[in-house]
There are 2 protein chains.
Amino acid sequence: VLAGGVGAARFLRGLHSLLDPQRITVIVNTGDDDSFFGLHVSPDVDTITYTLAGRANAEPGWGVAGDSFACLGSLAAFYPETWFQLGDRDLATHIHRTDALRRGQPLSRITQRIAQQFGIKTKILPMSNDRVRTIVHVADRGALHFQEYLVRDRGQGRVEKIRFTGVRKARPAPGVLSAITRANLVIIPPSNPMVSVFPILSVRGIRSALQKARVPVAAVSPLVGSKPIKGPLHHMLKGLGHEVSAVGVAKLYRGLVDLFALDTSDAHLAPRIESLGMQPLVTNIVMHTPGHSQALAETLLTELVRKEKVTDS
Amino acid sequence: VLAGGVGAARFLRGLHSLLDPQRITVIVNTGDDDSFFGLHVSPDVDTITYTLAGRANAEPGWGVAGDSFACLGSLAAFYPETWFQLGDRDLATHIHRTDALRRGQPLSRITQRIAQQFGIKTKILPMSNDRVRTIVHVADRGALHFQEYLVRDRGQGRVEKIRFTGVRKARPAPGVLSAITRANLVIIPPSNPMVSVFPILSVRGIRSALQKARVPVAAVSPLVGSKPIKGPLHHMLKGLGHEVSAVGVAKLYRGLVDLFALDTSDAHLAPRIESLGMQPLVTNIVMHTPGHSQALAETLLTELVRKEKVTDS
């Protein structure tokens, strides 16, 4: 599973209830990582971890459920960027990650140890141990770190360009390429293609490993109609001249994705998906509850198994 | 004021109510500093800061009043050393200090900024910006970092040796020597001489600056009878072959201290203090309340002013 944050986490919650968790490997975007108060925060990794551990906030989907914010309140005396809401329990994760990084441990090992401490059997891998940062160029605001754009500025403004600094030099984290090579199938859950999936695909060797693997690849649209389920994807698609619809998203995955799931309300777009060389799968893609997550994962798996006769061996 | 932790903080609370805070400089022991979870903790500096800000826990005297421990509870998944109880609000101080140190700022500047954020006008200086660590050698346990000895092991075991690693190379923090040179008087509040005051005096140039300054130096006994007001000083004195009494402490300050305050219950020791070349001052030295702190500070100031005709100019 190539994962961004909340959408991917919700999909994985469903996949987990269907498959042996140890058979799942999640390769997670770290382009959203950033430093707050000198602490290394990996928002997408943590969202996946907390969700799979059953510890995530139901809404907004990130952070630890029932967390308190006493430390953040005191940090406000020293820092302006308390707009990034880190709870007391959540901070323990970032304090430990930062400490371990400073001791020279690679992010991938730290990520897996944190997952183990949360009782997670699924392998969670950062896309890379090297530093990649998603930078969003916004009209009249300039180049913003992704969290500044998304959280501080609430995704406002016209997006002119998106860059992933450091991505050319970044190598896939240990285990990433072999997970792709050995996979029976690859799933891209409903995530923002431009800032959640493309950073992963831009890391050297990942896209070509996917193409060489000849394994069925399924993606789920993150849009319902012209609206993203979450986040500012519509602004990004529009700003960069793409169609704001499931078709616009599918086009970004052309040549890579075999099966493209889109919402029942977008059923009329299915022929256009097909014309891109992908099999459309019309289903309910919005995951408000664990039941929705499981149903979507089951529909997708059933279709992939049928399509490619993927066995559960 | 040459300061350790709780005893010094309580004395300073009294001094503050008598003098313009801007006329006071506190030079604080940093031999107790240590790293927990990768965060730089300065226990004595923080105790002084929180106390002068009116934010300290009344008991045990360290930490922030009314703090919560949610983050520490989560850190326990990753670390064994959660015996060092850092509260959520307290952690903000350590997170900021660590961040600022990593950005290359000197501890003295960081310490003063933290104090300013807490609304403190008194100058709080770490004894040195360089790393000095108090190591306590304990029978059958070996060499322990001071916090391991004091907090984790609750000061148990026979003390065989005390060392200050790094102290030979350590330079006084900017402002330390000039504060001593310009002082009208120097006070050593009731602190453990061996692990709170000696680290300060061992930093290159501090002891000789004190001796050259020819300014009256007063010390307050940290013992009442053979018992320390707080902490394991009696074990240290005994282990290292010193008399466990105010006289034993006074002997450690011989040649440095002019006026030595001891508790009314130790009045019979006054002649022996005098024979060490110090003026004894018998008064109530236990500071349970701010009123006690103020009374002790006032008694000491009055006596020093009388003795040396120090003016308030």
For Tyr79(B), is it the side chain, the backbone, both or neither that has a heavy atom under 4.5 Å from a heavy atom of chain A?
side chain

Against chain A, label Arg102(B) side chain, backbone, both or neither, depending on which of its atoms sit under 4.5 Å from a heavy atom there.
side chain

Of the listed residues (Asp88(A), Asp90(A), Leu91(A)), which shares the most heavy-atom pairs with chain B below a 4.5 Å separation?
Asp88(A)

Looking at Gly73(A), Ala92(A), Gly87(A), which one has more heavy-atom pairs under 4.5 Å with chain B than the rest?
Ala92(A)

One thing to verify: whether Asp130(A) and Lys169(A) come together as a salt bridge, which I'm taking to mean a side-chain N less than 4.0 angstrom from a carboxylate O.
no

Assign the ring pair His292(B) / His288(B) to parallel, tilted or perpendicular, where the plane angle (0 to 90°) is split at 30° and 60°.
perpendicular

Determine whether Lys121(B) and Asp20(B) satisfy the following criterion, salt bridge (Lys or Arg N to Asp or Glu O under 4.0 Å), listing intermediate values before the conclusion.
CA-CA 9 Å; Lys121(B) 297 207 161 58; Asp20(B) 174 0; over 6 Å; no

Go through the steps to decide whether Asp33(B) and Arg131(B) satisfy the test salt bridge (Lys or Arg N to Asp or Glu O under 4.0 Å), and finish with yes or no.
CA-CA 9 Å; Asp33(B) 285 21; Arg131(B) 180 192 165 92; over 6 Å; no

In terms of heavy-atom proximity below 4.5 Å to chain B, should Ile114(A) be classed as side chain, backbone, both, or neither?
both

Take atom CZ in Arg113(B); do more than 12 heavy atoms of anything else shown fall under 6.0 Å from it?
yes

